[in-house]
Trainee: 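Got a structure for you, written out below as structure tokens; questions coming shortly.
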Amino acid sequence: MASNHVIITLQDVRREYNLGVECIHALDGVTLELSDNEYVAIMGHSGSGKSTLMNVLGCLDRATSGSYILDGEDTTKMSDAALARVRNERIGFVFQSFELLGQLSACRNVEMPLIYANSGWLSRRKLATEALERVGLKGRMRHKPNQLSGGEKQRVAIARALICKPSILLADEPTGNLDTKTSREIMDLFRQLHNEGQTIIMVTHEADIACHADRIIRMQDGKVISDLPTAEDPASQHLKATHTKEAQA
Amino acid sequence: MIHLKRAFYAILRWILGFFRVLYQSIHLALSQIWANKTRAVLTMLGIIIAVASVTAVIAALSGLKAKILSQVKTFGTNTIFIMPTRPDEGPKQHASWWEIRFEPEQFDDLMEHCPSISKLGRQSSGGRHTVSFRDRSAENVNVNGIEPDCFQIESRTFLLGRPLSLMDEMQTRQVCIIDPRLQNELRLKRDCIGQQILIGHNAFIVVGVIEPRPSSPFGDTGSENYEIFIPFKTNLKLQPYPWIYAIAESRSAEVSEDAVAELRFFFRRTRNLEPGEPDTFRVESLKSALEQFNQIAIVVTMVAGGIVGISLLVGGVGIMNIMLVSVSERTREIGLRKAVGARRSAILTQFLIESVVLCFIGGLIGIGIGYLLTQAIANIPKAELDMAHIPWQAVAISFAFSGTVGIFFGMFPAIKAARLDPIEALRHE
Ligand SMILES: Nc1ncnc2c1ncn2[C@@H]1O[C@H](COP(=O)(O)OP(=O)(O)O)[C@@H](O)[C@H]1O
Ligand SMILES: [Mg+2]
């Protein structure tokens, strides 16, 4: 893993919301390095700045100060149009609430990023079909979102995130709206994608979800408070303890 | 060279991409509109009304114009009409028709006093008679006395026989010209020349059959009635005090104004009008009638244009309103599109195209309704609008207007959509 090259470098990144009466430091000096083919979970209490960090990583938001280097390019100096292109080509976003367009079929939802990549109709269809197959939804191409279960919806959203072959897949609480069983299925899918070489960063506040990642970053009040391989993180130890307890019982 | 080639391919790719985005956006816009059909139609109402009315007005005007031009073609632009009228003011304002009628002698020596006139034909009408042949008869037929030049000025064509001649006129012969409908009604022979019919109790010999007159925008010329023509003087014998008017022809279209002036001067004298007293007759050249029509057409077009402008404005505001609603309803969608890589320009284009497509559909429906209106107008009896048609320019103008309204009123909502912050948009409820 160490030989993999670095794709993300955050250097003292701050994100402040100036509300007039007070100034909220949603990110309060985050310094991070992420390598190619990593699988990272970001944990923390509500309001600790996880989503803000994801938005900055996904180039949806700009840091107030600090530098963010993605694939060797400093995104802080990029124009809005250039950032849109980065989002299109290098980043796949998965949201807690799926964000599928209700009037479009699964296939058309998945195709959408390609429209902004200026690709033709035929290649769009082909890539969308492949992406849907990859997430195990081969037979659901023509279904509208309201004809799909929660897990299937999230799979469609993942296929959409993957269609432009992004360098990183960002998922903000991808299992937040799913039951335990479906959550596990989504985690299995993430594991499979990671095994195929996909870099994944996901946000969660559930320890058993975070344990599927290889590395866990913990945040509090906009700061990184711990950054450890999963095996060394308290979450996995806690999980192990409960597992042994269950086994004993 | 290589740089040039690359630039060329880059431009080509850009153009292809542009059309792809256009196609995409149109497709998307259509599916959006289809998803909210009722709302879309209500929104388009203003545009529909505007376009329908502008098409119908233009169609009516161009029909009227075509009609007048076809008249001008049969009469020729140097035709001048002379008829008695009551003046708008002065002591003769309320004169009876009897007082202001022309008398046959008032035309004496006209050709000598009006050098710009090349032909003159007096006509008399007013007598309604029963025309019969053996056991067949037609009631209330308007019998016209005409001088030989009348048909030449009107350039009417004959189906059979000959026009009335100078000899018929001089000798007050009892000859007549009829139209084919009367010929049928009376069951005359196919070749009816030489057959004798009765007008009242007087026997007349048919010498010609004339082609029916196309209906005219200058008033009822009897296109619905039977036409029968006899020599002017013969008619004076049948009815001593007929209603007299005349048509004349100027030597050329250029001198038609002079001819009108000469005729006015002449008639003021023969009708003993005091200086300052208004005319008790009208002398009108077809040319001036055409100019008058053009002026009326301009006024009508301007009024219609104003109405259309207002309804386009109202329609445009409706479009803007619905687009604003659409933008706020689809805030999350906009956020998502931005998150997956849509630039501002892409969002702007999408919403702009949606409003333009909305307006175009409105325009299309408007043209369709305008077409139906035109058909209805063309079928109004006696309105002289049977030649009403929609010229392609009207269609082009309608589309141009709808497109402009779409862009103009769609711009603000589209900019609003394009400026949305992706994170806030995604957080929108
Ligand atoms: N648009 C905003 N305006 C003001 N404060 C915000 C905004 N977005 C987030 N915050 C604040 O920033 C902090 C971090 O939020 P967030 O990153 O959403 O936390 P979480 O870890 O729950 O995802 C919170 O205190 C939140 O109130
Ligand atoms: Mg969050």
Side-chain angles (χ1 to χ4, degrees), chain A residues 15 17 26 51-52 54-62 79-105 108-124 144-145 157 159-164 166 170 172, chain B residues 9-37 39-40 326 329-350 353-354 415 417-429:
Chain A
R15 178 67 172 96
Y17 291 103
S51 293
T52 311
M54 288 297 260
N55 291 339
V56 169
L57 286 174
C59 295
L60 280 168
D61 199 4
R62 285 171 188 275
S79 68
D80 282 355
L83 284 181
R85 195 173 173 146
V86 168
R87 290 200 292 271
N88 187 244
E89 291 174 353
R90 304 206 210 142
I91 288 159
F93 232 113
V94 176
F95 304 91
Q96 179 177 353
S97 46
F98 323 130
E99 304 296 345
L100 299 177
L101 296 189
Q103 73 269 37
L104 301 185
S105 67
R108 292 195 145 278
N109 265 295
V110 173
E111 272 176 27
M112 199 168 61
L114 288 173
I115 290 173
Y116 302 107
N118 248 338
S119 74
W121 184 82
L122 272 176
S123 64
R124 277 211 313 266
K144 294 271 171 75
R160 181 181 63 197
L162 291 174
I163 196 158
C164 286
L170 298 175
D172 193 350
Chain B
Y9 280 121
I11 290 171
L12 207 70
R13 270 228 312 280
W14 187 85
I15 291 172
L16 258 171
F18 175 79
F19 277 107
R20 219 171 254 154
V21 168
L22 200 69
Y23 166 79
Q24 275 301 323
S25 307
I26 289 173
H27 187 99
L28 208 69
L30 286 175
S31 59
Q32 272 303 324
I33 292 165
W34 188 246
N36 300 304
K37 288 176 281 291
R39 192 166 92 179
S326 181
E329 275 179 356
R330 286 153 70 195
T331 304
R332 279 183 90 97
E333 175 188 331
I334 295 164
L336 173 76
R337 286 178 186 278
K338 290 196 148 192
V340 301
R343 295 176 184 200
R344 277 183 187 191
S345 58
I347 302 290
L348 187 92
T349 325
Q350 182 190 328
I353 284 178
E354 190 170 322
I415 289 176
R419 286 215 180 133
L420 282 174
D421 177 69
I423 300 167
E424 262 158 41
L426 276 169
R427 221 180 269 150
H428 187 89
E429 279 317 304

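Sequence lines set the chain letters: A, B, ... in the order given, protein chains first and strands last, and positions in each chain run from 1.
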Trainee: Picking from A/Cys59, A/Gly120, A/Ala117, A/Gly58, which has the most non-hydrogen pairs under 4.5 angstrom with chain B?
Mentor: A/Gly120
Trainee: Give me the one residue out of B/Lys338, B/Arg344, B/Arg343 that meets side-chain contact (heavy atoms from CB on, under 4.5 Å) with A/Asp80.
Mentor: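 Checked B/Lys338, B/Arg344, B/Arg343 against A/Asp80; only one passes side-chain contact (heavy atoms from CB on, under 4.5 Å): B/Arg344.
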Trainee: Between A/Glu99 and chain B, with a heavy-atom cut-off of 4.5 Å, which part of the residue counts as in contact: side chain, backbone, both or neither?
Mentor: both
Trainee: Using a cut-off of under 4.5 Å on heavy-atom pairs, state which of A/Ser119, A/Pro166, A/Gly92 scores highest against chain B.
Mentor: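 Sorted descending by pairs with chain B, the first entry is A/Ser119.
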Trainee: Does any heavy atom of chain B fall under 4.5 Å from the side chain of A/Asp61, the backbone, both, or neither of them?
Mentor: both
Trainee: For B/Leu426, is it the side chain, the backbone, both or neither that has a heavy atom under 4.5 Å from a heavy atom of chain A?
Mentor: both
Trainee: Quick one: do B/Arg337 and A/Leu101 satisfy side-chain contact (heavy atoms from CB on, under 4.5 Å)? Show the steps, please.
Mentor: CA-CA 10 Å; B/Arg337 286 178 186 278; A/Leu101 296 189; 3.4 Å; yes
Trainee: Check each atom of A/Leu60 against the heavy atoms of chain B and say whether the ones under 4.5 Å are side chain, backbone, both or neither.
Mentor: both
Trainee: Below 4.5 Å from any heavy atom of chain A, which atoms of B/Glu424 appear? Answer side chain, backbone, both or neither.
Mentor: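 For B/Glu424, there is no contact with chain A at all, as no heavy atom is under 4.5 Å.
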Trainee: If every non-hydrogen atom of B/Gly341 is compared with every non-hydrogen atom of A/Tyr116, which pair is closest and at what distance?
Mentor: O-CB, 3.7 Å
Trainee: Non-hydrogen atoms of chain A under 4.5 Å away: do they reach the side chain of B/Ala35, the backbone, both or neither?
Mentor: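 When you check distances to chain A, no heavy atom of B/Ala35 falls under 4.5 Å.
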Trainee: So for A/Arg90, is it side chain, backbone, both, or neither that comes closer than 4.5 Å to the heavy atoms of chain B?
Mentor: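 Contact with chain B is absent: no heavy atom of A/Arg90 under 4.5 Å.
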Trainee: I need the minimum non-hydrogen distance between B/Arg332 and A/Ser97, along with the two atoms involved.
Mentor: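 Result for this residue pair: NH2-OG, 3.2 Å.
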Trainee: Nearest 0.5 Å please: distance from the CD atom of A/Gln103 over to the CD atom of B/Glu333.
Mentor: 6.0 Å
Trainee: Compare every heavy atom of B/Ala342 with every heavy atom of A/Ala84, then report the nearest pair and how far apart it is.
Mentor: CB-O, 4.1 Å
Trainee: Tell me, side chain or backbone of A/Ser51 under 4.5 Å from chain B's heavy atoms, or both, or neither?
Mentor: neither
Trainee: Should the heavy atoms of other residues, nucleotides or ligands under 6.0 Å from CZ of B/Arg13 be counted, would the total exceed 12?
Mentor: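 Not buried by this count: 12 neighbours or fewer within 6.0 Å.
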Trainee: Hey, is CZ on A/Arg85 packed in by over 12 heavy atoms from elsewhere, all under 6.0 Å?
Mentor: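 Counting other residues, nucleotides and ligands, CZ of A/Arg85 stays at 12 neighbours or fewer.
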